Amino acid sequence: MQPLTLDFYQKYDTLTLAQRLLGCTLVHQSQDGTTAGIIVETEAYLTDDPACHAYRRKTKRNAAMFGPAGTVYVYQIYGMHYCVNIVSGDEGVGEAVLIRALEPTEGIELMEERRGYGMSSAEGRMSKEKPIRHSALSLRHVCNGPAKLVKAMGISIEEHNGTSLLAGNLKIYPSVLEEFEMMTTTRIGITQGADLPYRFYVTGNRFVSRK
DNA sequence: CGCACGATGCTCT
DNA sequence: GAGCATCGTGCGC
């Protein structure tokens with residue numbers, strides 16, 4: 001199957017793209033191995049939206065948001081975590097879609113290692129996340145948050161910020177979900193623009209960060 | 001299960 | 001100097 005093309009990233013406005021990315025698969029082919037997961041939760045950030053990093057002006061941090069659709073925007077948050085976005089809209093306009101959760105499909109052991117957990121085993125999984133090397137991480141908790149999936153997928157600001165999804169080792173493939181219900185809510189963890197209904201997720205999917 | 005809180009460092013004001 | 005598009009722990013139920 002072929003990855004999503006420039007046309008796909010360009011033809012939708014940001015709110016629509018955020019919805020169309022649900023069900024698509026994010027794939028990272030790294031030196032350590034390939035990891036992949038189905039996008040099950042997204043949020044849109046528009047240029048006239050006070051929660052958007054590009055709301056005020058172009059800066060060193062948000063520069064990637066002003067690139068062409070299909071550009072990757074990675075930023076650091078709370079001094080210790082990173083989140084990944086898919087840039088959308090016209091070049092020169094700062095808009096993007098935050099990837100908030102993935103349903104892991106490939107390279108699950110590698111994901112768990114990157115998250116700081118030991119080898120995965122069907123029996124060994126614990127219901128709670130424990131910072132002990134020998135315990136495994138419940139699959140449900142591997143990619144059910146924006147910073148968790150960045151770490152699990154091996155995405156980094158140094159390697160990926162400002163790069164294109166059309167070339168390189170990070171790509172998105174078309175939706176594999178036949179039919180699904182989508183839920184729309186307000187976004188999580190923001191104070192500005194908190195009432196805007198710009199969050200979308202696959203209804204009933206257990207890998208979503210929160211209902 | 002749910003809620004409260006502290007960690008931690010960069011960016012922009 | 002304030003404010004973060006978060007996460008994991010610890011505690012109570």
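Just so it is clear: chains get the letters A, B, ... in the order the sequence lines come, proteins before strands, and each one is counted from 1. Everything numeric here is computed off the predicted structure, so don't read it as measured data. Values below: every heavy atom of this structure, side chains too, minus hydrogens, waters and symmetry copies.
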SG-CD1 distance between A:C143 and A:I99, expressed to the nearest 0.5 angstrom
12.0 Å
What is the distance, rounded to the nearest whole Å, between atom CG of A:L149 and atom P of C:dA5?
16 Å
Atom-pair distance (CZ on A:F200; P on C:dA5), nearest Å:
18 Å
Is the shortest heavy-atom distance from the side chain of A:K171 to the side chain of A:L165 under 4.5 Å?
no
Look at A:T191 and C:dC4 and indicate whether a side-chain polar atom (N or O) is within less than 4.0 Å of OP1 or OP2.
yes
Reading nucleotides 3-11 of chain B from 5' to 3' and marking B where a protein heavy atom lies under 4.0 Å of the base, S where only the sugar-phosphate is that close, and - otherwise, the string is ----BBBSS
What contact category does A:A147 fall into here, base, sugar-phosphate, or nothing, at under 4.0 angstrom with non-hydrogen atoms?
sugar-phosphate
Interatomic distance where OH belongs to A:Y75 and C1' belongs to C:dG3 [whole Å]
13 Å
Atom pair distance, as rounded to whole Å: CZ in A:R199 and P in C:dT6
11 Å
Can you tell me the distance, in whole Å, between the OH atom of A:Y55 and the P atom of B:dT13?
12 Å
Sole residue of A:H28, A:E106, A:R114, A:Q29 in side chain to side chain donor-acceptor pair (under 3.5 Å) with A:T35:
A:R114
A:K151 side-chain N/O to C:dT6 phosphate OP1/OP2 under 4.0 Å:
no
For A:Y45 and A:H53, I'd like to know if the aromatic rings sit close, meaning centre-to-centre distance below 6.0 Å.
no
For the residue pair A:K148 / A:N144, report whether a side-chain donor-acceptor contact shorter than 3.5 Å exists.
yes
Could you give the NE2-to-C1' distance, from A:H53 to C:dT6, as a whole number of Å?
12 Å
Whole-Å distance, A:N144 CG to B:dC1 P, equals 11 Å
Taking OP1 and OP2 of B:dT13, is either one under 4.0 Å from a side-chain nitrogen or oxygen of A:R57?
yes
Is any side-chain heavy atom of A:D90 closer than 4.5 Å to one of A:Q10?
no
Between B:dC1 atom C1' and A:K211 atom NZ, what is the distance in whole Å?
11 Å
Does some side-chain heavy atom of A:I38 sit less than 4.5 Å from a side-chain heavy atom of A:T105?
yes
Any stems for DNA chain B, made of 3 or more Watson-Crick or G-U pairs in a row, each with both distances under 3.5 Å?
B:1-7 with C:6-12, B:9-12 with C:1-4
Between A:R187 and A:E43, does any NZ, NE, NH1 or NH2 come within less than 4.0 Å of an OD or OE carboxylate oxygen?
no
Is the CZ atom of A:R206 crowded by more than 12 outside heavy atoms at less than 6.0 Å?
yes
Select base, sugar-phosphate, or nothing to describe what A:R210 touches, counting heavy atoms under 4.0 Å on all strands.
nothing
